[in-house]
Amino acid sequence: MNILVAVKRVVDYNIKVRIKPDGSDVDIDGVKMGINPFDENALEEALRLKEEGIATEVIAVSVGTSASQDVLRHSLAMGADRAILIESNADLQPLAVAKLLKSIVTREQPSLIILGKQAIDDDAGQTGQMLAALLDYPQGTFASALEIEGNEILVTREVDGGTETLTLALPAVITADLRLNEPRFVKLPNLMMARKKPIETINAAEFGVNLDARLKLIQVAEPAVRKAGIKVGSVEELINKLRTHNGILEGV
Amino acid sequence: MKILILAEHDGLQLSPSVRQAVTAAQFWNSPVHVLVAGHNADAVIQQAASIHGVERVIHANAAHLAHPLAEDIANLIVSISEGYEVILAAHSSFSKNALPRVAALLDVAMISDVLEIKAENTYVRSIYAGNVLTTIQSTDAVQLLTVHGSNFAAASLGANNEISSTVIASTEIVGSEIVSTETPAAFKKASWKSEVRSQSDRPALGSAKIVISGGRSLGSAESFEEVLSPLASKLGAALGATRAAVDAGFAPNDIQVGQTGVVVAPELYIAVGVSGAIQHTYGMKDSKIVVAINQDPDAPIFQVADYGLVADLFDVIPALTAAIR
Ligand SMILES: Cc1cc2nc3c(=O)[nH]c(=O)nc-3n(C[C@H](O)[C@H](O)[C@H](O)COP(=O)(O)OP(=O)(O)OC[C@H]3O[C@@H](n4cnc5c(N)ncnc54)[C@H](O)[C@@H]3O)c2cc1C
Ligand SMILES: Nc1ncnc2c1ncn2[C@@H]1O[C@H](COP(=O)(O)O)[C@@H](O)[C@H]1O
């Protein structure tokens, strides 16, 4: 059984991105980039399934510019067997990415496809579900636990108000939540070794799918920032301050 | 032009966020239809039909919709999608699961968690964990979106008499027409197995007037409960938590506040031993008044707090609890 994992290159989660002065887009020139955190969980889960002897091969796929090679190297260093870059310089939106991933799935025929539940740049949370729909595969989104039983996978999902468990027939699409696992650290020697491994590169145009942006960016802006308030010295002072706001401590 | 809203419910109660979606839908000034998919969810149908501004409630009744799968919801929406130019729902784990599937099947983009509708195809939403607001324009013929519930007032309840002439089946209090629709055959490759619902007699996190959130510093599940519960009871508050607290097993996953959890905007938010990472503040920065209690005077949470108290939470919370009657 092969597992395909989709990894996206995004701005590092610790960085507070800035916008260009003319508000035309975000300014990520020279900003630290890395693998989307949820995709690290996706990859970690695939690697564990391989280590348990359930999976035989783990393939990492990224869609983006040649710069995305770095997250594929990172994936190889974590333990992925192969890496594929679908290269495009366009700003691809979830539907276009899903169509490209579908093409790779058709070629590789994995039994399981794991994505992150959301990319922390666009915060869309759509690609996995879109891919599942295009493939007519079952989906298990926001997964916090997986268990493979024969030709089926049990997925525990984090939903509003608790969790739910679904049974999906393989092949299936999973999107990983952060609690699925704790991703391993990449050791330096592994990173060095990964530098020498090949990355298969395919031009996105070769797949012949419509990659047009459906959403046009009009402008970006900074949200109104909350003003820092004051420090109070004691519990009494805090309560007195709160009582100045009508209704907040009503009845207490 | 017509608008379709996907309703969320638990078989008995319509989610309050559906009324917020109805308000958002009024932007287009077109007939609003609400799809209720379920099994014997008659009470929910009546609730949906009594929302002002809803012209029609579409009822899909089938045994396999008792615990609806994204696959079945998506196939159902696609089967009735003809003639709808806008398909929307309140942003929740239910709609996030199903609607991207609809988008792919209809070959249109989806716009997640819309904060503001600017024009009939132009929206404001946030990216980068709330650090940036983008205005985007959809070029698709069908607009498919989820809306950020708390940014839209809930539509009022009551009879919708203007359109009562088209009533097909209704009780006296209901003005919207209720129509049944055929449900496509169940998707065979997935099935619902079980669920764990968090039990709590506290108000729901998403709609509570006061939210008290605890961080990793609470130390254990026992102390999370012991320290925060009495204060929550006194204030009638809901409890929230940071990811670190949830990961450590101090609190259940569904009360995580932030980018990957719930977004709340209560009247009063009390952050207890919370550092204030951007992923956390994403979920609470629209609260009216924010109080932060942290022993580190430089904790970033103080930058978004109206009132900060630099102190040990294990002293302050019991004292605060005692001081409030
Ligand atoms: C992709 C991604 C998504 C994420 N999503 C979320 C999310 O949705 N929600 C979320 O919350 N986090 C999220 N995080 C994690 C986030 O970055 C922070 O790690 C997390 O919010 C920190 O939780 P904390 O404040 O409890 O812990 P810490 O950062 O460890 O802070 C503990 C705080 O408690 C204070 N403290 C310690 N002892 C005491 C005491 N006795 N009295 C008073 N104060 C004390 C300390 O000064 C410190 O400020 C996400 C991270 C990533 C990478
Ligand atoms: N350009 C990309 N390359 C590889 N994977 C991607 C890309 N965009 C999105 N994904 C995958 O889809 C998930 C959800 O992304 P999104 O729908 O954009 O929030 C991510 O966590 C990735 O696993």
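Excluded from the calculations below are hydrogen atoms, water molecules and symmetry mates; all remaining heavy atoms, backbone and side chain alike, are included. Sequence lines set the chain letters: A, B, ... in the order given, protein chains first and strands last, and positions in each chain run from 1.
- With a 4.5 Å cut-off on non-hydrogen atoms, B:Val124 does not touch chain A at all.
- Using a 4.5 Å cut-off between heavy atoms, B:Ile111 touches chain A through backbone and side chain atoms alike.
- Residue contact with chain A, scored on non-hydrogen atoms closer than 4.5 Å, is absent for B:Asp113.
- A:Lys8 pairs in a side chain to side chain donor-acceptor pair (under 3.5 Å) with only one of the listed residues (A:Asp39, A:Thr127, A:Asp121), which is A:Asp121.
- With a 6.0 Å cutoff to the six-membered ring centre and a 45° limit on the axis angle, A:Lys241 does not count as a cation-pi contact of B:Tyr307.
- The candidate from B:Asn75, B:Asp254, B:Ile293 with the greatest count of non-hydrogen atom pairs under 4.5 Å with chain A is B:Asp254.
- For a residue to count as touching a neighbouring chain, one of its non-hydrogen atoms must lie under 4.5 Å from one of that chain's; by this rule B:Gln259 touches chain A with backbone and side chain alike.
- Of the listed residues (B:Thr260, B:Leu268, B:Val316), the greatest number of heavy-atom pairs within a distance under 4.5 Å of chain A belongs to B:Thr260.
- The CG atom of A:Leu180 lies 9.0 Å from the CD1 atom of A:Ile174; values are rounded to the nearest 0.5 Å.
- Both the backbone and the side chain of B:Lys189 come within contact range of chain A, with heavy atoms under 4.5 Å apart.
- Proximity to chain A is absent for every atom of B:Lys118, based on heavy atoms less than 4.5 angstrom apart.
- Contacts between B:Leu99 and chain A at a heavy-atom distance below 4.5 Å are absent for every atom of the residue.
- The residues B:Lys288 and B:Glu267 are annotated as salt-bridged, a charged nitrogen and a carboxylate oxygen being separated by less than 4.0 angstrom.
- B:Arg125 touches chain A through its side chain: at least one heavy atom from C-beta onward sits under 4.5 Å away, while N, CA, C and O do not.
- Both the backbone and the side chain of B:Ile289 come within less than 4.5 Å of a heavy atom in chain A.
- A:Glu40 places no side-chain N or O within 3.5 Å of a backbone atom of A:Ile35 that could act as its donor or acceptor partner.
- Smallest separation of non-hydrogen atoms from A:Pro223 and B:Asn131: CD-O, 3.1 Å.
- Each of B:Ser191, B:Ala109, B:Ser138 has some count of heavy-atom pairs under 4.5 Å with chain A, and the biggest count is that of B:Ser191.
- No donor-acceptor pair under 3.5 Å is formed between the side chain of A:Arg214 and the backbone N or O of B:Asp140.
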